[in-house]
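These figures come from a predicted structure and were not determined experimentally. Computed from heavy atoms alone, side chains included, the values below leave out hydrogens, waters and symmetry copies.
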Amino acid sequence: MRPKIYLFGDSITESSFTYGGWGASLAHHFSRTVDVVLRGYSGYNTRWAVKVMERVLPAANGESESERERVSTIAVAVFFGANDACLPDRCAAFQHVPLHEYKHNLHSIVSFLKNRWPNTLVLLITPPPIDEEARLKHPYVENPTGLPERTNEAAGAYAKACIEVAGECGLPVVDLWTKMQQLADWKTAYLSDGLHLNETGNRVVFEEVVMKLKKEGLSLENLPVDLPMISEIDPNDPLKAFEG
């Protein structure tokens, strides 16, 4: 069975299989070695993720099938926080999750994954930085206050909390909030609407995820190809490659 990597997150994950998306790039990168499985849910926060994770991540039926699933799921990328960080007194307040609960929910998600797949790598990804001016230009709901529903300061606090959870659980983490702001013009270089990623921003996520996976031993160099490569097939006896 070809191993799987699950991507579990919000709209930044849901849209990651669009052209140039980080999920699509990951699927292409591992095209002969791993199936990249999308579990992205636009607008979701960690509170909602905890409620649905048993439904959206597979529970095996029977002991033998369960063992196969444990073996085949080699990694899960968990990418939540952008919606949790919505401000509680702004137009997207219904998505807000208090910082202490966000940390607790991330711990719950990690515990769930580790209980289901003990040997699976869990990779946390922080929310990205926020361009507040762009958020005012691209509102998702009616915004009578004229104030952005998210701030970069709040996103930074949730990014810090995500990093803390990774440290407490001994997990790798992609600090997207810090990484993107290392570029002076990050607001236009990486973001399409002050929150979601453009193609260049998606490239950053892809490269960071691949780097973290490689550090944990999950790379093209040490993951087996599931069937013979064309270079391994003898033109004079092609079917020999499929014997055994």
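Linking Ile, Leu, Val, Met, Phe, Trp and Tyr whenever their side-chain heavy atoms come within less than 4.5 Å puts V52 and V78 in one cluster. Residues V225 and L223 are members of separate hydrophobic clusters, defined by side-chain heavy-atom contacts under 4.5 angstrom among Ile, Leu, Val, Met, Phe, Trp and Tyr. One hydrophobic cluster, built from ILVMFWY side chains closer than 4.5 Å, holds both I125 and L183. A continuous path of hydrophobic side-chain contacts links I230 to L239 [ILVMFWY only; heavy atoms under 4.5 Å]. Taken together through direct or relayed side-chain contacts under 4.5 Å among Ile, Leu, Val, Met, Phe, Trp and Tyr, I130 and L147 form parts of separate hydrophobic clusters.
Listed for the H96 side chain is no donor-acceptor partner under 3.5 Å among the backbone atoms of L87. E216 contributes no side-chain N or O that, together with a main-chain N or O of K212, makes up a donor-acceptor pair within less than 3.5 Å. Judged purely by atom type and a 3.5 angstrom limit, E232 has no side-chain atom pairing as donor or acceptor with the backbone of A241. S16 contributes a side-chain N or O that, together with a main-chain N or O of T13, makes up a donor-acceptor pair within less than 3.5 Å. Judged by distance alone, the side chain of T46 and the main-chain N or O of L106 form no donor-acceptor pair under 3.5 Å. Distance alone, capped at 3.5 Å, places no donor-acceptor pair between the R135 side chain and the T151 backbone. Side-chain atoms of D185 never come within 3.5 Å of backbone atoms of T188 as a donor-acceptor pair (strictly under, hydrogens ignored). Of the possible donor and acceptor atoms, one in the side chain of S31 sits under 3.5 Å from a partner among the backbone N and O of H28. When atom types are taken as modelled, the side chain of E14 and the backbone of S42 share a donor-acceptor pair closer than 3.5 angstrom. Side-chain atoms of R39 never come within 3.5 Å of backbone atoms of G9 as a donor-acceptor pair (strictly under, hydrogens ignored).
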Walk me through whether L197 and L191 qualify under side chain to side chain contact (heavy atoms under 4.5 Å, CB included).
CA-CA 4 Å; L197 310 178; L191 304 178; 3.8 Å; yes
Evaluation steps, side chain to side chain contact (heavy atoms under 4.5 Å, CB included), between L176 and Y190
CA-CA 11 Å; L176 198 59; Y190 297 139; over 6 Å; no
Would you please test Q95 and R150 for side chain to side chain contact (heavy atoms under 4.5 Å, CB included) and show each step?
CA-CA 11 Å; Q95 293 173 287; R150 295 167 171 84; 4.3 Å; yes
Test side chain to side chain contact (heavy atoms under 4.5 Å, CB included) on Q182 and T178; report intermediate values, then the result.
CA-CA 7 Å; Q182 291 173 351; T178 298; 4.3 Å; yes
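P98 approaches R47 most closely through the heavy-atom pair CD-NH2, 3.6 Å. For the residue pair A166 and P172, the shortest heavy atom distance occurs at CB-O, 4.4 Å. Shortest non-hydrogen contact noted between P128 and A155 is O-CB, 3.7 Å. When every heavy atom of Y102 is checked against every heavy atom of G81, the shortest pair comes out as CE1-CA, 3.6 Å. Closest heavy-atom contact between A92 and C86: O-CB, 3.5 Å. When all heavy atoms of A161 and L99 are compared, the closest pair comes out as CB-CD1, 3.8 Å.
A 6.0 Å sphere centred on CD of E153 holds no more than 12 heavy atoms belonging to other residues, nucleotides or ligands. The 12-atom threshold is exceeded at NZ of K114, counting heavy atoms of other residues, nucleotides or ligands nearer than 6.0 Å. Around atom NE2 of H104, no more than 12 heavy atoms belonging to other residues, nucleotides or ligands sit under 6.0 Å away. Counting heavy atoms of neighbouring residues, nucleotides and ligands inside a 6.0 Å radius, atom CZ of F242 exceeds 12 of them. Counting non-hydrogen atoms of other residues, nucleotides and ligands closer than 6.0 Å to CD of E54 gives a total of 12 or fewer.
Between W48 and Y44, the ring-plane angle classifies as perpendicular under the 30° and 60° cut-offs.
Counting heavy atoms from C-beta on, the side chains of W22 and I12 come closer than 4.5 Å. The shortest side-chain heavy-atom distance between F17 and V36 falls under the 4.5 Å cut-off. Here the side chains of V173 and C162 are in contact, with some heavy-atom distance below 4.5 Å. The shortest distance between side-chain heavy atoms of N152 and W177 falls below 4.5 Å. No side-chain heavy atom of P139 sits under 4.5 Å from any side-chain heavy atom of E149. Between L213 and I5 the shortest side-chain heavy-atom distance falls below 4.5 Å. The closest side-chain heavy-atom distance from L121 to I74 is not below 4.5 Å. Using a 4.5 Å heavy-atom cutoff, the side chains of E168 and K103 are in contact.
If you run side chain to side chain contact (heavy atoms under 4.5 Å, CB included) between L124 and each of V174, V110, I109, only V110 comes through. The side chain to side chain contact (heavy atoms under 4.5 Å, CB included) test with L7 singles out one residue from L26, V37, L123, and that residue is L26.
The CG atom of L195 sits 11.0 Å away from the NE2 atom of H138 when rounded to the nearest 0.5 Å. Considering NZ of K179 and OG1 of T126, their distance stands at 12.5 Å, rounded to 0.5 Å. To the nearest 0.5 Å, atom CZ of residue R32 and atom CG of residue L220 are 11.5 Å apart. Distance check, rounded to the nearest 0.5 Å: CG of N83 to CG of N45 gives 6.5 Å. In this structure, OG1 in T73 is found 4.5 Å from CH2 in W117, a value given to the nearest 0.5 Å. Here the NZ atom belonging to K4 is positioned 12.0 Å from the CG atom belonging to L57, to the nearest 0.5 angstrom.
Of the charged side-chain nitrogens involved, none lies within less than 4.0 Å of a carboxylate oxygen, so that E133 and K187 do not count as a salt-bridged pair. Ion pairing of K240 with D234 is absent here, as no side-chain N (NZ or NE/NH1/NH2) approaches a carboxylate O to less than 4.0 Å.
Using modelled atom types and a 3.5 Å distance limit, the side chains of D131 and W186 yield no donor-acceptor pair. A donor atom on one side chain and an acceptor atom on the other are found under 3.5 Å apart for N222 and S219.
Take R90 and apply the salt bridge (charged side-chain N to carboxylate O under 4.0 Å, His left out) test, not counting sequence neighbours, and it matches no residue. Checked against side chain to side chain contact (heavy atoms under 4.5 Å, CB included), E207 has the following partners two or more places apart in sequence or in another chain: R203.
Centroid-to-centroid, the aromatic rings of F8 and F80 come within less than 6.0 Å.
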